[in-house]
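First the structure, in the form of structure tokens, and then the observations on it.
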Amino acid sequence: MYKLEEPIYFYLFAIIPVIVVVFLLVLWWKKRTQKKFANPFLLSKIAPNTSTFKPVLKLVFFLIGLSFLILSLVNPKMGTKLKTVKREGVDVVFALDVSKSMLAEDIAPNRLEKAKQIISKTIDKLGSDRVGIIIYAGNAYPLLPITTDHAAAKMFLQNANPDMVSSQGTAINEALTLANTYYDNDEQTNRFLIIISDGEDHQEETKQVAQNIANEGVKVYTVGVGTEKGGPIPIKLNSALIGYKKDRMGETVITKRKPDVLQGIADASDGTYFDGNKTENPVEAIEKIIGNAQKSEFETKQFSDYKDQFQWFVAIGLLFLILDMFLFDKKTKWLKKVDLFNEES
């Protein structure tokens with residue numbers, strides 16, 4: 001396992017294409033000046049030891065050396081030992097609706113992004129609790145298994161979109177069933193499932209499924225995003241709006257939040273429904289609920305004793321820079337006899 005201490009230094013790699021462009025411009029200028037001075041045949045007689053390959057090789061060595069020095073500034077660290085750590089917390093699984101209706105922009109920036117904000121800010125409020133993420137539309141899929149790595153959870157969350165699900169619809173029943181398999185700690189007494197959706201197209205039997213999962217010890221909470229007035233579903237190409245989704249009659253589809261559906265799911269599982277249009281409201285409420293819950297002890301494995309590896313990159317970088325310094329632009333005499341690079345032609 002590894003981690004990068006100063007990834008901001010990766011921006012220095014932008015220097016490399018600039019150096020290449022400058023080298024090509026200087027090379028072009030030299031060729032142009034030489035043509036004005038004499039023709040290629042006379043130049044080969046005047047300067048027989050001039051190499052066309054060596055300057056390129058010197059540039060390659062210089063860029064390799066520079067690249068390794070930049071990597072040394074990033075300072076990659078390697079985890080040398082995997083240890084088991086005991087922590088206390090609860091298990092929280094987020095079920096995120098990624099159906100097309102979640103793209104409606106009746107709340108800014110749209111329902112899906114609002115849902116992501118709620119999940120992300122809730123994760124920020126968690127301590128050592130474990131989190132997992134499920135996405136669902138026509139089918140339910142595990143986006144992230146339950147983990148203590150909150151940074152990974154937020155990274156996977158940002159990539160969630162309707163294209164990740166093969167069919168459209170709202171398979172909340174599948175999401176509930178899948179969520180129940182996430183809780184792998186039999187000793188965990190507090191298990192939370194938080195559903196974020198606009199409530200559209202949920203099946204009739206959803207309440208019964210929610211009640212069944214609640215009977216197994218999972219506390220289900222629902223968060224609704226969108227307005228009851230609703231809005232159209234935008235169709236975009238490369239982030240540019242090209243129209244709105246229409247039904248079979250050619251009429252623009254207006255998608256509306258269905259709070260009664262989400263309220264029914266919460267009631268069936270002895271949970272609570274939250275209005276998610278104001279991000280702070282559900283985040284603060286869920287934080288309070290989870291904060292007051294009894295924490296269970298669990299074990300997790302993580303890498304420790306990260307060691308700096310920058311010295312290897314410095315050594316390799318300096319080696320190539322030294323080779324660049326000792327490599328002359330002129331032809332090497334013994335290589336000239338071998339004509340390894342076909343410089344005599």
Heavy-atom check, side chain of [X] versus side chain of [Y], under 4.5 Å:
X: Y183; Y: V93; answer: yes
X: P282; Y: D275; answer: no
X: K219; Y: I289; answer: no
X: F313; Y: I70; answer: no
X: V223; Y: I286; answer: yes
X: I19; Y: F62; answer: yes
X: T255; Y: K245; answer: no
X: L126; Y: V90; answer: no

Could I get the full list of side chain to side chain contact (heavy atoms under 4.5 Å, CB included) partners for [X], not counting sequence neighbours?
X: A153; value: I123, V131, I133, L144
X: L24; value: V20
X: N159; value: none
X: S269; value: A210, A214, V220

Pair D91-R191, salt bridge (charged side-chain N to carboxylate O under 4.0 Å, His left out): steps then yes or no: CA-CA 5 Å; D91 289 348; R191 306 172 181 181; 5.5 Å; no

Co-members of L237 in a cluster of I, L, V, M, F, W and Y side chains, linked at under 4.5 Å: I235, I242

ILVMFWY clustering at 4.5 Å (side-chain atoms), partners of V253: I233

Same apolar cluster (I L V M F W Y, side chains within < 4.5 Å links), [X]/[Y]:
X: L73; Y: Y11; result: yes
X: V60; Y: V26; result: no
X: I8; Y: L4; result: yes
X: W312; Y: F68; result: no
X: L63; Y: L71; result: yes

Over 12 foreign heavy atoms within 6.0 Å of CG, L241: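 Counting other residues, nucleotides and ligands, CG of L241 exceeds 12 neighbours.
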
Greater than 12 external heavy atoms within 6.0 Å of F156's CZ: no

Applying side chain to side chain donor-acceptor pair (under 3.5 Å), name anything that partners [X], two or more places apart in sequence or on another chain.
X: T177; value: none
X: N277; value: none
X: K256; value: none
X: K278; value: none

Under 3.5 Å side-chain donor-acceptor pair for Q211 and N215: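 Note: Q211 and N215 side chains miss the donor-acceptor criterion.
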
With sequence neighbours excluded, residues passing salt bridge (Lys or Arg N to Asp or Glu O under 4.0 Å) with E105: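 E105: salt bridge (Lys or Arg N to Asp or Glu O under 4.0 Å) contacts with K236.
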
Nearest heavy-atom neighbours spanning Y182 and P142: OH-CB, 2.9 Å

Minimum heavy-atom distance S101-E200, with the two atoms named: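 Minimum heavy-atom contact is CB-OE1, 3.7 Å.
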
Between [atom1] on residue [X] and [atom2] on residue [Y], distance to nearest 0.5 Å:
X: L323; Y: L318; atom1: CG; atom2: CG; result: 11.0 Å
X: I316; Y: I64; atom1: CD1; atom2: CD1; result: 10.5 Å
X: S120; Y: H150; atom1: OG; atom2: NE2; result: 11.5 Å

Is the backbone of [Y] close enough, under 3.5 Å, to the side chain of [X] for a donor and an acceptor to pair up by distance?
X: E174; Y: A140; answer: yes
X: K116; Y: A160; answer: yes
X: D106; Y: T227; answer: yes
X: S72; Y: V314; answer: no

Partners meeting ring-ring contact (aromatic ring centres under 6.0 Å, His included) with F61 (sequence neighbours left out): F320

Salt bridge flag under 4.0 Å for residues D97 and R111: no

Salt bridge flag under 4.0 Å for residues D324 and K58: yes

Test side chain to side chain contact (heavy atoms under 4.5 Å, CB included) applied to R130 and D149, T148, V92, the passing residue: T148

